[in-house]
S.K.: 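Below is one structure. I have some questions about it.
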Amino acid sequence: MRSLRTGLSLASLLGLLGTLLLTAPAAHAADTPLRDLGTAKGKVIGTAVTGSKLTGSYGDIAGAQFSSLTPGNAMKWGSVEPTRGSFNWAEADQIVDFAEAHGQQVRGHTLVWHSQNPSWLTNGSWTSAQLGTLLDDHIATEVGRYKGRIAAWDVVNEPFNEDGTYRSTLWYNGLGSGYIARALTAARAADPAAKLYINDYNVEGVNAKSTALYNLVKSLKEQGVPIDGVGLQAHLILGQVPSTLQQNIQRFADLGVDVAITELDIRMALPADTAKLAQQKADYKAVTAACVAVSRCANLTVWGFTDSDSWVDSTFPGYGAATPYDANYAPKPAYYGIAEALGGTTTPPPTGACTATYSVPSQWNTGFTGNVTISCSGASLSSWKVTWTYGAGQQITQAWNATCTQSGAAVSCVNASYNGTVPDGGSVSFGFNANWSGSNPVPTVTLG
Ligand code: XIL
């Protein structure tokens, strides 16, 4: 009896603490993973990742949904050789190991860039010969380390200005445009099996910059320089998928190189709302469809799969929500846009993120006061109904700000005439009194 009483008071305490139970957005575990949809279309579907996060839900989704990983930062020069001659491969190794354990490819990113270089390199003063040797040695070391384990390397990153002239960088200024052929040649020597790419942004549509890239690839091929593909980063803005995307992919394919969408994200002005998320779905679908339409478009990679692991928010103030999963790892409409373009027949996209939370603000020996709060984010409601089943004989006696009916254990509460509307970013609460005896477990509530 004494131990039973102890159990009861623990249950009461839990109730009083206001245990949260959510109607979480459905996990849609039955949906075919993107990587399998991609395989059926001959496409590799990838994501950029952060090595330290590859556990829990983040690791589960990264491993289950994608067939390619790109280290977001771990393979950049500044990450792997922060001090000259002293290397740190820990995160890069971790990502490559994870990929192999999950049957995934790795896109190596990136060998020659103007950004995220170690300060010893950028602050040094080098002769052209020294710079060339640094470049050769870096590529031999890094590509050599992962020889046979990297499907494709972004060998050269962001070589062009918007007008199609060469970007003034450490490499271009020291070695001239020949640094590009030199880097590709060194990468081929270090790992003959890896596909070698040049990667840039704002080259998704047909424009001056993508035409400069086109002309470069054409001339490299004519000279017999090893070049296997072009990467279109695709850091896009909501509603601005270039209309010439597919045409542009096709012209590179016709040149005899593969194309990859390497860093797809589609940012919106915050806060997100239902209409923007729907537009984002259409945009993701359009980009994916353009890749599906061209057989040489080999890989479509998102630059982070969750809004909690995106570079956008800190890089473009006021913008965010750019990836296919929200910050709580729930798939957004954008996820279904990708899936649908890959031929997936998905369960209906979630109507948005409205959730109901049940709590017990107070409880006494025979009764308690309950509260349910309905909150919307990225969605809204014009009416609502919340249902649950009481597991221990609880009986509602009175409700306010909702009409509640109870039949046996089944409770159903609908909005009052004045509080059916829950705006995007808003919430509505209702309360009730009820009787309990024995125990008062918190039920699972359903918003429907
Ligand atoms: C970004 C990373 O995502 C950030 O974490 C980092 O702070 C800056 O670089 N183009 C590229 C990527 O090729 O390497 C960049 O990644 C995003 C733009």
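In what follows, every heavy atom counts, from backbone to side chain, and hydrogens, waters and symmetry copies are set aside. Just so you know, ligand 1 is whichever comes first in the structure, and atom 1 is the first atom listed for that ligand.
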S.K.: Taking heavy atoms and a distance under 4.0 Å, where does W113 meet ligand 1: side chain, backbone, both or neither?
M.R.: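 Under 4.0 Å from ligand 1, W113 contributes side-chain atoms alone.
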S.K.: Under 3.5 Å, N or O to N or O, is W303 touching ligand 1 that way?
M.R.: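 Yes, at least one N or O pair falls under 3.5 Å.
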S.K.: Give yes if a backbone or side-chain nitrogen or oxygen of H109 is under 3.5 Å from a nitrogen or oxygen of ligand 1, and no if not.
M.R.: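 It does: an N or O of H109 is found under 3.5 Å from an N or O of ligand 1.
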S.K.: Check whether any N or O atom of Q116, backbone or side chain, sits under 3.5 Å from an N or O atom of ligand 1, and answer yes or no.
M.R.: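 Looking only at distances, the answer is yes, because the N/O contact criterion of under 3.5 Å is met.
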S.K.: Just which atoms of ligand 1 are under 4.0 Å from any heavy atom in N157?
M.R.: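 Matching atoms, with element in brackets: 11 (C), 13 (O).
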S.K.: Starting from atom 2 (C) of ligand 1, what is the nearest protein heavy atom, named by residue and atom, and what distance separates them?
M.R.: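 Atom 2 (C) of ligand 1 sits closest to the protein heavy atom N73 OD1, 3.6 Å.
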S.K.: Just checking, any donor-acceptor pair under 3.5 angstrom between side chains of T244 and N248?
M.R.: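 No pair is found: no donor N or O on one side chain lies under 3.5 Å from an acceptor on the other.
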S.K.: If you define the side chain from C-beta out and look only at heavy atoms, does anything of F316 sit under 4.5 Å from H235?
M.R.: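 No; the side chains remain at least 4.5 Å from each other.
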S.K.: Judged by atom type as modelled, is there a donor-acceptor pair below 3.5 Å linking the side chain of K332 to the main-chain atoms of K281?
M.R.: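 Side chain of K332 to backbone of K281, a donor-acceptor pair under 3.5 Å: no, none is there.
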S.K.: Considering only protein heavy atoms, which is closest to atom 10 (N) of ligand 1, and at what distance to one decimal place?
M.R.: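 Atom 10 (N) of ligand 1 sits closest to the protein heavy atom E263 OE1, 2.9 Å.
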S.K.: In terms of relative ring orientation, are W388 and Y358 parallel, tilted or perpendicular, with 30° and 60° separating the classes?
M.R.: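 Ring orientation, 0 to 90° scale: perpendicular.
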S.K.: Side chains of D154 and W113: any donor to acceptor distance under 3.5 Å?
M.R.: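 No, D154 and W113 have no side-chain donor paired with an acceptor closer than 3.5 Å.
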S.K.: For ligand 1, indicate whether the residue D154 contacts it via side chain, backbone, both or neither (heavy-atom separation under 4.0 Å).
M.R.: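 Near ligand 1, D154 shows nothing, with every heavy atom at 4.0 Å or more.
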S.K.: Out of M75, E158, Q233, K76, who gets a non-hydrogen atom closest to atom 15 (C) of ligand 1?
M.R.: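 Looking at heavy atoms only, the winner is K76.
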S.K.: Should the ring pair F430 and W384 be called parallel, tilted or perpendicular, given that the plane angle runs from 0 to 90° and is split at 30 and 60?
M.R.: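 Parallel.
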S.K.: Parallel, tilted or perpendicular: which describes the rings of Y166 and F160, with under 30° parallel and over 60° perpendicular?
M.R.: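 Rings of Y166 and F160: parallel, under 30°.
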S.K.: Tell me which part of T110 gets within contact of ligand 1: side chain, backbone, both or neither, using heavy atoms under 4.0 Å.
M.R.: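 Within the 4.0 Å criterion, T110 makes no contact with ligand 1.
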